**Student:** 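Encoded as structure tokens, here's the structure I'll be asking about.
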Amino acid sequence: SFPTRRSSDLLICGNHNVVGNSDFQNAFVLNSGGTLEIGSAAGITNSASSGNIQTCTRVYGNGGNYIYNGTTNQVTGDGLPSTVGSLNIINTGSSTNDTVHLTGAVTVANDLNITSGALDITSNNYAINIDGGFYNWATFNCEAGTLTFQGSGAQYFRPGGSNYYNTVFNNTGNNSVTLQNDLNNLNNLTISGGTLDVSLSNYNIVVDGNFNNNASFNAESGTLTFWVSAAQTFNPGSSNYYNIIVYAWSGSTVTLTGNLIAAHDISVDAGSLDVSSSNYSITLGGSFYNNANFNPENGVLTFNGSGTEYFFPNSSTNYNAVVINGTGTVSLQTALKVTNNLTVTTGTFDVSTSNYAVNVYGNLVNSAIFNARNGTVSFVGGSSETFNPGNSSFYDVVVNTTNGATVTLAHNLAVNQDLTVTAGTLDVSSSNYSISVSGNLYNYGTFLANAGTVNFVGGGYELFYSGSSNFYNEIGRAHV
């Protein structure tokens, strides 16, 4: 038999080579579990004339551990198996001369550690598959390659200060890949199996590509930012998120491909967020900041928080439907236009001390608290609308519909200032709901009083212009 060097332990090569004698047909075998430290610039190769191992026969085991610890730029070499036990980069060369370049795609059965120097997947964009952990303490040059987490047990990912291109989380054991610091992803991030967990440290993720969640994302209290330069898609899956920021700095659009639930804030700071023609809904427990462009299509925006939520709708944006369904207060920060329904189910909707106006094209249903302050609520739709004021009082109420559309009361109405029917019809309904007015009542359209009562309760000088409509009961002092 041929003389053979079998290593199940540790062989440190440094700048020295293991050279065979052709007369004896030497062989080198790195068994599973063995460790090879590689210092050669050529790494390990399938040739007997280059790299650290230059025996006649070389067998590099798939279960071996490979450490690249040269003092100059290195390549892994074509001898590195496509599957290894572990891969460690500990290059100590000077700056710009300390990079280990992959020679081919590699699957790491345990951990990949970048302790010093850099690991570069090269312009060939070689893929790296990780069954264990990925720990970057130095530099990872992602080029345009893909890093995939595909283990079956718990995995950990320390991105370090490096950027990543495509990152895939496909844990096959339904376990978590847990971040160990912030992640900056230059292209697509995909969760296809298991869970991506930002950890209790609430690490942040920045994505300049598509975010596709077909498994599970544990946002904890972290922030997901779309820092995009081209049109991108966001598939939230069935997971809840915490903070979402859209910063499409080139004016591009992030388009939802599923319903979005955020436990805290959503901020559109540049570009656009579009719920798509599928009209996906957005539910949030914090504030909504529309500082750029939000395209609600025919979707529903729901606030369900427990504290104070701020709503910056941007007065140039029309919302399809807005629902207040929390236990706290939603405070309006600009004027609001709702092209369909505004619903206050629980909690409080507050127009704020700035008394922002609310224009409704559909129904306004208040089953909780609507704090109108000194603001104006206008009904401006072109088809039938229902107005249920609930037990809240309003300040100025204006009916200014088109196509002769009717606004029908579904509860008694208290108006602390003026009630104005500019166009269209205000109907107290067959339930003959009463209306109390502390200011003036102007009717330039149609007022269907049925058998309802209008109470003038201001106690001062109030104007009452009935127009061409007939009223049933009028109580109080008003000047016609």
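Side-chain atoms are counted along with the backbone in the values below, which use heavy atoms only and exclude waters and symmetry mates. A quick note: this is a predicted structure, and the numbers were derived from the prediction, not measured.
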**Student:** Please determine, by modelled atom types, if N314 and S316 share a side-chain donor-acceptor pair under 3.5 angstrom.
**Tutor:** yes
**Student:** If we ignore hydrogens and angles and just use 3.5 Å, is the side chain of N113 paired with the main-chain N or O of T115 as donor and acceptor?
**Tutor:** no
**Student:** Return yes if some donor-acceptor pair links the side-chain N/O of N259 with the main-chain N/O of Y280 below 3.5 Å, else return no.
**Tutor:** no
**Student:** Is the F169 ring parallel, tilted or perpendicular to the F149 ring (thresholds 30°, 60°)?
**Tutor:** parallel
**Student:** Give a yes or no on whether Y126 atom OH has more than 12 heavy-atom contacts from other residues, nucleotides or ligands under 6.0 Å away.
**Tutor:** yes
**Student:** Out of W249, Y241, F234, which residue meets the ring-ring contact (aromatic ring centres under 6.0 Å, His included) rule with F226?
**Tutor:** F234
**Student:** Is there a donor-acceptor contact under 3.5 Å from the side chain of T190 to the main chain of N212?
**Tutor:** no
**Student:** Just checking, any donor-acceptor pair under 3.5 angstrom between side chains of N171 and Q155?
**Tutor:** yes
**Student:** Any chance you could lay out the ring pair (Phe, Tyr, Trp, His ring centres under 6.0 Å) test for F387 and Y433, step after step, and finish with the verdict?
**Tutor:** CA-CA 11 Å; F387 179 21; Y433 291 113; over 10 Å; no
**Student:** Taking the side chain from Y203 and the backbone from Q180, do they hold a donor-acceptor pair closer than 3.5 Å?
**Tutor:** yes
**Student:** Under 6.0 Å from the CG atom of N391, do we count more than 12 heavy atoms belonging to anything else shown?
**Tutor:** no
**Student:** Just checking, any donor-acceptor pair under 3.5 angstrom between side chains of N388 and N366?
**Tutor:** no
**Student:** Is there a donor-acceptor contact under 3.5 Å linking the side chains of T76 and T103?
**Tutor:** yes
**Student:** Does either side chain, that of N210 or that of T233, offer a donor lying less than 3.5 Å from an acceptor on the other one?
**Tutor:** yes
**Student:** Supply the atom-to-atom distance T146 OG1 to I121 CD1, rounded to the nearest 0.5 angstrom.
**Tutor:** 7.5 Å
**Student:** Within a radius of less than 6.0 Å around OH of Y310, do more than 12 heavy atoms belonging to other residues, nucleotides or ligands occur?
**Tutor:** no
**Student:** Taking atom types as modelled and ignoring hydrogens, do the side chains of S192 and N170 form a donor-acceptor contact shorter than 3.5 angstrom?
**Tutor:** yes
**Student:** Between the main-chain N or O of N298 and the side-chain N or O of N320, is there a donor-acceptor pair closer than 3.5 Å?
**Tutor:** yes
**Student:** Going by atom types alone, do N290 and T317 pair a side-chain donor with an acceptor below 3.5 Å?
**Tutor:** yes
**Student:** Could you tell me whether the side chains of N185 and T167 share a donor-acceptor contact shorter than 3.5 Å?
**Tutor:** yes
**Student:** Do E143 and N125 have side-chain atoms, one donor and one acceptor, less than 3.5 Å apart?
**Tutor:** no
**Student:** Just by distance, with hydrogens left out, do D274 and T253 show a side-chain donor and acceptor under 3.5 Å apart?
**Tutor:** no
**Student:** Fit a plane to each ring of F211 and F217, take the angle between them on a 0 to 90° scale, and name the class: parallel (under 30°), tilted (30 to 60°) or perpendicular (over 60°).
**Tutor:** perpendicular
**Student:** Under 3.5 Å, is there a donor on one side chain and an acceptor on the other for N110 and D131?
**Tutor:** no
**Student:** Atom NE2 of H411 and atom OG of S392: how far apart are they, to the nearest 0.5 Å?
**Tutor:** 9.0 Å
**Student:** Does a donor on one side chain sit under 3.5 Å from an acceptor on the other, for T195 and N218?
**Tutor:** no
**Student:** Could you tell me if T329 and D350 have a donor-acceptor pair between their side chains, going purely by distance under 3.5 Å?
**Tutor:** no
**Student:** Cut-off 3.5 Å, side chains only: do S267 and D269 have a donor facing an acceptor?
**Tutor:** yes
**Student:** Counting N and O atoms only, with roles assigned by atom type, does the side chain of N73 sit under 3.5 Å from a partner on the main chain of T99, one being a donor and the other an acceptor?
**Tutor:** yes
**Student:** Can you check whether G222's main-chain N or O pairs, donor with acceptor, with N204's side chain at less than 3.5 Å?
**Tutor:** no
**Student:** Go through the side-chain N and O atoms of Q74 and N91 and say whether any donor and acceptor fall under 3.5 Å apart.
**Tutor:** yes
**Student:** Testing the 3.5 Å rule here: is there a donor-acceptor pair between the side chains of N129 and T107?
**Tutor:** yes
